[in-house]
Amino acid sequence: MKEAAQMVRSLEQFIGGRFQAPASGQYLVNLAPATGKPLSQVPRGGGEDVNAAVSAAQEAFDGPWRQWSVEQRAALLDRIADSLQQRADDLAALESADTGKPLALAAKIDIPRAVANFRFFATAVRQFGSDCFPMEGALNYTHRSALGPVALISPWNLPLYLLSWKVAPALAMGNTVVAKPSEMTPMTADALASVFEAADAPPGIFNLIHGLGGEAGQALVEHPDIKAVSFTGGTATGSRVAATAAPQFKKLSLELGGKNPTLVFADCDFEATVNGAVRAAFTNQGQICLCGSRLLVEASLYPRFVEAFVAKVKQLKLGDPEHPETQLGALISAEHREKVESYLALARQEGGEILCGGQRPTLPEPWDQGFFLQPTVIAGLSPSCRTATEEIFGPVVSLHPFETEEEALAIANGVPYGLSASLWTGDVTRAHRLSQALECGLVWVNTWLLRDLRVPFGGVKASGVGREGGRYSLEFFSESKNVCIQWNPNPASPKASS
Ligand code: NAP
């Protein structure tokens with residue numbers, strides 16, 4: 001990342017309710033992926049900024065915020081949701097410019113979901129109960145208390161969507177937060193800080209530190225006063241975060257990478273399946289952890305399916321993210337596009353045949369300097385080769401025929417990851433059988449990315465540890481304590497003595 005020039009909007013850290021310059025005085029340049037031009041200057045935060053933010057979070061936690069009732073906290077989340085809703089158009093434009101994703105996608109998915117996250121957790125915490133275990137002459141109940149200052153680290157692919165998914169439950173349970181978004185997509189996190197400022201939220205309950213992961217992020221995870229780390233990002237980074245946090249016994253939630261299978265059986269609804277598989281592979285340029293990047297198709301259907309699938313992919317409209325018909329925008333950065341392209345070269349070496357895409361598109365100014373890549377479909381790869389088992393996180397899907405359900409399952413489970421799977425079949429018994437056998441945290445049957453915010457969300461194997469969503473998030477962001485009260489010392493038939 002280059003040192004910044006003086007020509008674009010400069011962002012600041014948000015610490016203790018105040019926007020302020022980074023202690024280093026240094027800024028990074030944030031580029032707009034669709035044009036390659038500078039969009040903003042981002043503070044290069046480090047240990048000093050992190051110390052200040054954690055102190056502010058601790059002070060806020062020890063202050064009046066601790067006395068806020070559930071209803072007061074829920075009402076604050078509702079006000080934040082209202083304010084985000086009022087700014088929805090601006091936020092969608094910021095998110096699209098910052099990520100390179102189509103404006104229509106940001107307006108339909110990213111921003112409404114960020115609003116919904118605050119709204120949902122406001123309701124969820126109002127309705128959150130606790131366990132009660134009656135004994136003979138005694139009663140146990142579970143008391144849940146806030147943890148203290150918590151670290152929220154989020155990636156660049158769904159910036160406000162994923163940040164708000166952590167901020168809302170953390171505050172709902174009475175914690176204070178220090179958030180570290182990706183330095184490549186800081187714009188909507190900055191806007192969220194303005195929303196907190198305008199909402200008269202208690203200073204220090206929401207702090208925002210911009211900077212590089214290895215500097216600001218690392219310092220935040222290492223900080224001894226941080227009680228929990230909720231991290232969403234790549235598996236290699238997640239492993240480093242875990243190694244840093246574990247010796248201090250911090251609570252840890254890790255939402256990591258995926259290499260998700262889409263399983264297509266010959267008895268599927270053909271049209272719906274082709275459309276669903278295209279959506280699963282290429283939404284957000286394939287840069288969603290849940291994208292179906294391995295397409296497993298029953299051999300008897302394979303030729304017909306491949307023809308229809310490739311035809312649909314070729315019709316996808318790529319380019320100007322602001323155009324209402326655009327379906328594919330730019331990748332996040334030049335470096336990321338190069339990484340994705342290196343997998344295309346690898347795929348060729350591994351015997352793959354590129355059925356469509358594989359090239360940078362020719363686009364008019366200013367998009368000709370953007371980080372675009374055509375949606376790419378590869379056939380002929382072994383399901384166990386590197387291209388078919390490593391996370392590429394771009395607009396690339398590999399096709400694999402299978403003969404039997406057992407073979408499909410072996411391919412689906414034959415990767416280190418285990419985040420999600422999408423299964424397309426008309427046989428409900430098969431759907432149940434396979435759903436239980438697939439090694440992953442989420443299975444969609446005859447759909448993809450249909451989300452209910454109450455359900456457990458997370459992965460197994462290298463895709464993560466822990467679950468978010470609904471009560472799972474509220475439990476993560478709190479500590480449970482059992483309270484046992486004996487109300488009758490001489491019950492008729494004592495059950496437990498120790
Ligand atoms: P990443 O490189 O792992 O970064 C994620 C976040 O961690 C960023 O804010 C990053 O900051 C920060 N970070 C980097 N090194 C750190 C360290 N040593 N300590 C603390 N924080 C550190 O991931 P990404 O490239 O942004 O995102 C793509 C990945 O996220 C993919 O693997 C994708 O599958 C995964 N993802 C998973 C889910 C899920 O729910 N399972 C959802 C979305 C994305 P910088 O950006 O400044 O380096």
Side-chain angles (χ1 to χ4, degrees), residues 1 28-30 33 42-47 50 98-99 101 109-110 113 151-166 178-186 189 208-223 226 229-245 250 252-260 283-293 331-333 335-337 339-340 390-394 415-420 440-442 449 451 455-469 472-473:
M1 205 42 85
L28 305 156
V29 176
N30 170 33
V42 191
R44 183 167 179 168
V50 166
D98 213 11
T99 58
K101 71 177 68 190
I109 304 289
D110 292 71
R113 174 59 192 278
L152 312 179
I153 301 179
S154 49
W156 46 259
N157 64 329
L158 300 163
L160 190 60
Y161 174 132
L162 288 175
L163 178 60
S164 53
W165 183 235
K166 298 179 187 299
V178 181
K180 210 303 277 172
S182 168
E183 100 278 354
M184 285 187 281
T185 53
L208 179 64
I209 294 295
H210 298 285
L212 297 170
E215 298 174 1
Q218 183 70 25
L220 183 55
V221 177
E222 282 172 6
H223 199 294
I226 287 293
V229 180
S230 173
F231 172 87
T232 300
T235 294
T237 319
S239 159
R240 181 147 183 217
V241 166
T244 307
K250 295 177 198 276
L252 200 52
S253 167
L254 298 171
E255 301 288 346
L256 309 178
K259 186 76 176 177
N260 312 300
T283 299
N284 208 36
Q285 299 74 247
Q287 301 171 132
I288 299 183
C289 53
L290 305 162
C291 275
S293 52
L331 302 197
I332 189 66
S333 66
E335 294 78 12
H336 186 57
R337 180 171 64 175
K339 181 195 142 189
V340 175
E390 295 178 11
E391 187 185 44
I392 300 174
F393 214 55
V415 294
Y417 296 102
L419 187 52
S420 70
C440 58
L442 303 135
L449 202 48
R451 292 279 291 121
V455 308
F457 180 97
V460 302
K461 302 198 291 191
S463 290
V465 178
R467 293 291 179 270
E468 293 184 341
Y472 306 93
S473 292

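Numbering of ligands and ligand atoms starts at 1, following listing order. Source: prediction; values computed, not measured.
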Heavy-atom nearest option to atom 15 (N) of ligand 1, drawn from L162, T237, N284: T237

Note, V178 side chain near I209 side chain (heavy atom, < 4.5 Å): yes

Nitrogen or oxygen of T232 less than 3.5 angstrom from that of ligand 1: no

Inter-residue atom distance S473.OG - W165.CH2, 0.5 Å rounding: 5.0 Å

Any N/O pair G234/ligand 1 closer than 3.5 Å: yes

Part of K180 with heavy atoms under 4.0 Å of ligand 1, whether side chain, backbone, both or neither: both

Location of contacts on L256 toward ligand 1, heavy atoms closer than 4.0 Å: backbone

Distance from atom 31 (C) of ligand 1 to nearest protein heavy atom, with residue and atom: E391 OE1, 3.5 Å

Residue S154 vicinity, atoms of ligand 1 by number, heavy atom under 4.0 Å: 6 (C), 8 (C), 9 (O)

CE-NE2 distance between M184 and H336, expressed to the nearest 0.5 angstrom: 8.5 Å

N30 and D98: side chain donor to acceptor below 3.5 Å: yes

Ring pair (Phe, Tyr, Trp, His ring centres under 6.0 Å) involving F231 - partner list, sequence neighbours excluded: none

Region of N157 engaging ligand 1 - heavy atom pairs below 4.0 Å: side chain

Ring-face cation contact, Y472 with R467, 6.0 Å cut, 45° max: no

Per-residue contact class, A236 against ligand 1 - non-hydrogen pairs under 4.0 Å: neither

Nitrogen or oxygen of W156 less than 3.5 angstrom from that of ligand 1: yes

Geometric N/O contact L212 with ligand 1, under 3.5 angstrom: no

E468 and T232 side chains, donor-acceptor separation under 3.5 Å: no

Polar contact flag for S463 and ligand 1 (N/O pairs, less than 3.5 Å): no

Part of I288 within contact of ligand 1 (heavy atoms, under 4.0 Å): neither

Check: T235 N/O within less than 3.5 Å of ligand 1 N/O: no

Atom 19 (N) of ligand 1 touched by protein heavy atom at under 4.0 Å: yes

Any L419 side-chain heavy atom under 4.5 Å of K259 side chain: no

Short N or O distance, G213 and ligand 1, threshold 3.5 Å exclusive: yes

side-chain hydrogen bond (donor to acceptor under 3.5 Å, both in side chains) partners for E391, two or more places apart: none

